[in-house]
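So that the names make sense, note that chain A is the first sequence line, chain B the second, and so on, each numbered from 1.
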Amino acid sequence: MEKNRAASDFLHVGNRLLEWYRNNARDLPFRQTKDPYKIWICEIVFQQTRINQGLNHYNNFVTRFPDVKTLAEAEENEVLLYWKGLGYYSRAINIHTAARQIMNNYHGIFPSQYEEILKLKGVGKYTAAAISSICFGGKMPAVDGNFYRVLSRLFADDFDISNSRAFAYFSELATLVMPDNVGDFNQAMMDIGSEICKPKNPVCGECPINEDCLAFSMQKVSQYPVKTKKVKAEDLALTYYFVHRNGEFLIQQRKDDFIWKKLFEFPTAITAEMEPFITGSKTITHKLTHKNLSIEIFKVEIDSEEVWNDFIAENQYMITDAQASHDKSFPKPLENYIQNSLKD
DNA sequence: AAGCCGGGGGC
DNA sequence: GCCCCAGGCTT
């Protein structure tokens, strides 16, 4: 970018975005409110998550947990249940922790200052900027993937967005175009990035700032943003035992490290005396962002009450069935496995 | 500063 | 198959 321009040279860009936003804002449930609780929840739900993917989760979540107090008083496992299938499960754990933070440290009143919001577990610089600007007139740009894409194209800037300094760099660029109404500006950037300045096949002909867009003028929009870091998925094999008796099966809860934090799963080992009860196995392949999973699930049908009770007692497994398992959060592939077992 | 954490949809 | 999505936490 050119370094020596006055900010006022680009301010009209931000104002054109605001004008476009007034007429083209997406009609989303959290656009009807400035309740910081609701905005907070929506910001967490939609981290690394497309609107269409998370909309039902958001609506169900705020219906069940309509305010900070309700959320803080809920059981962690119920919060996880409402996150089932959404991914990045540490968000659910953190959101619950943060609700209790607000109750304990802020008397249940959502903090209004950026620096205080930033202290909440699971809230980083992007989310703190979004909440403070949308709800409290804060003046920080909410720099996310949309900002990277729109600004890198607008200025034909090849700064690598996988560089750890990208957030600071594009925050500085954002201030060049940022008008006084930062809350609407931040949301306008999200919508322009989602509806117009899309990663693939952007609709530049309908873009309100295409006359200012350097990449567009050079017909190089597809070259931005520059991202060098490639994510490679490694292979990981998991083994589970679907230990079954009279319509019931055994589960345990995962730790909060590694994948699928605190979600439920099947036993990962059985005793030698149970091996004769294995009636079959099924291998499921499942792709995570960083891992290609190969999940082998052995079906163990126990027809001995003694073996069943001994195994449960020794390992402290929980007992559930296909219906009751709806009250617990399972990883997607295991959720699917349970659904299929219900048909048998 | 770099690695890790899900699941879904577009192409 | 590859890429990206209203990012943040851990080491």
Requested in this report: Mind checking A:Val123 for me? I need base, sugar-phosphate or nothing, with any heavy atom below 4.0 Å counting as a touch.
Outcome: sugar-phosphate
Query raised in the report: Under the side-chain hydrogen bond (donor to acceptor under 3.5 Å, both in side chains) test, which residues partner A:Glu301, sequence neighbours left out?
Result: A:Thr279
Query - side chain to side chain donor-acceptor pair (under 3.5 Å): pairs with one or both residues in residues 202-216 of chain A, sequence neighbours excluded - result: A:His12-A:Asp212
Just distance, no hydrogens or angles: give the donor-acceptor pairs under 3.5 Å from side chains in residues 193-201 of chain A, sequence neighbours left out.
{"from": "A:Ser194", "atom 1": "OG", "to": "A:Arg26", "atom 2": "NH1", "distance (Å)": "3.0"}

Report task. Quick one: which residue pairs count as a side chain to side chain donor-acceptor pair (under 3.5 Å) with a foot in residues 229-240 of chain A, not counting sequence neighbours? Result -> A:Tyr240-A:Glu265
Query raised in the report: Earliest and latest nucleotide of DNA chain C, 5' to 3', sitting under 4.0 Å from a non-hydrogen atom of chain A?
Result: C:dC3 to C:dT10
Query - Any side-chain donor near an acceptor of the partner, A:Arg91 and A:Asn94, under 3.5 Å - result: no
Query raised in the report: When every nucleotide of nucleotides 3-11 of chain B is labelled 5' to 3' by its protein contacts under 4.0 Å (heavy atoms), B for base, S for sugar-phosphate only, - for none, what sequence of letters results?
Result: --BBBB--S
Query - Contacting residues from residues 124-135 of chain A, given that a heavy atom lies under 4.0 angstrom of DNA chain C - result: A:Gly124, A:Lys125, A:Tyr126, A:Thr127
Query - Stem regions touching DNA chain B, defined by at least 3 consecutive Watson-Crick or wobble G-U pairs below 3.5 angstrom - result: B:1-5 with C:7-11, B:7-11 with C:1-5
Report summary line: Residues in residues 143-154 of chain A with a heavy atom under 4.0 Å of DNA chain C, by number, are A:Asp144, A:Gly145, A:Asn146, A:Arg149
Query raised in the report: By a strict heavy-atom criterion of less than 4.0 Å, which residues belonging to residues 181-194 of chain A are in contact with DNA chain C?
Result: A:Met190
Report task. Just call it for A:Arg254: base, sugar-phosphate, or nothing, with non-hydrogen atoms closer than 4.0 Å on any strand. Result -> nothing
**Report entry** Face-on cation placement of A:Lys84 at A:Phe330 ring, 6.0 Å and 45° thresholds
**Finding:** no
Show me the donor-acceptor pairs within less than 3.5 Å that the side chains of residues 103-114 of chain A make with the rest of the protein, sequence neighbours left out.
{"from": "A:Asn104", "atom 1": "ND2", "to": "A:Arg100", "atom 2": "O", "distance (Å)": "3.1"}
{"from": "A:Tyr106", "atom 1": "OH", "to": "A:Glu116", "atom 2": "OE1", "distance (Å)": "2.7"}

**Report entry** Pairwise salt bridge (Lys or Arg N to Asp or Glu O under 4.0 Å) hits with a residue in residues 33-60 of chain A, at least two apart
**Finding:** A:Asp35-A:Lys38
Query raised in the report: Aromatic rings A:Phe266 and A:Phe242: how do their planes relate, parallel, tilted or perpendicular, breaks at 30° and 60°?
Result: perpendicular
Report task. Give a yes-or-no answer on whether the side chains of A:Asn56 and A:Asn59 include a donor-acceptor pair shorter than 3.5 Å. Result -> no
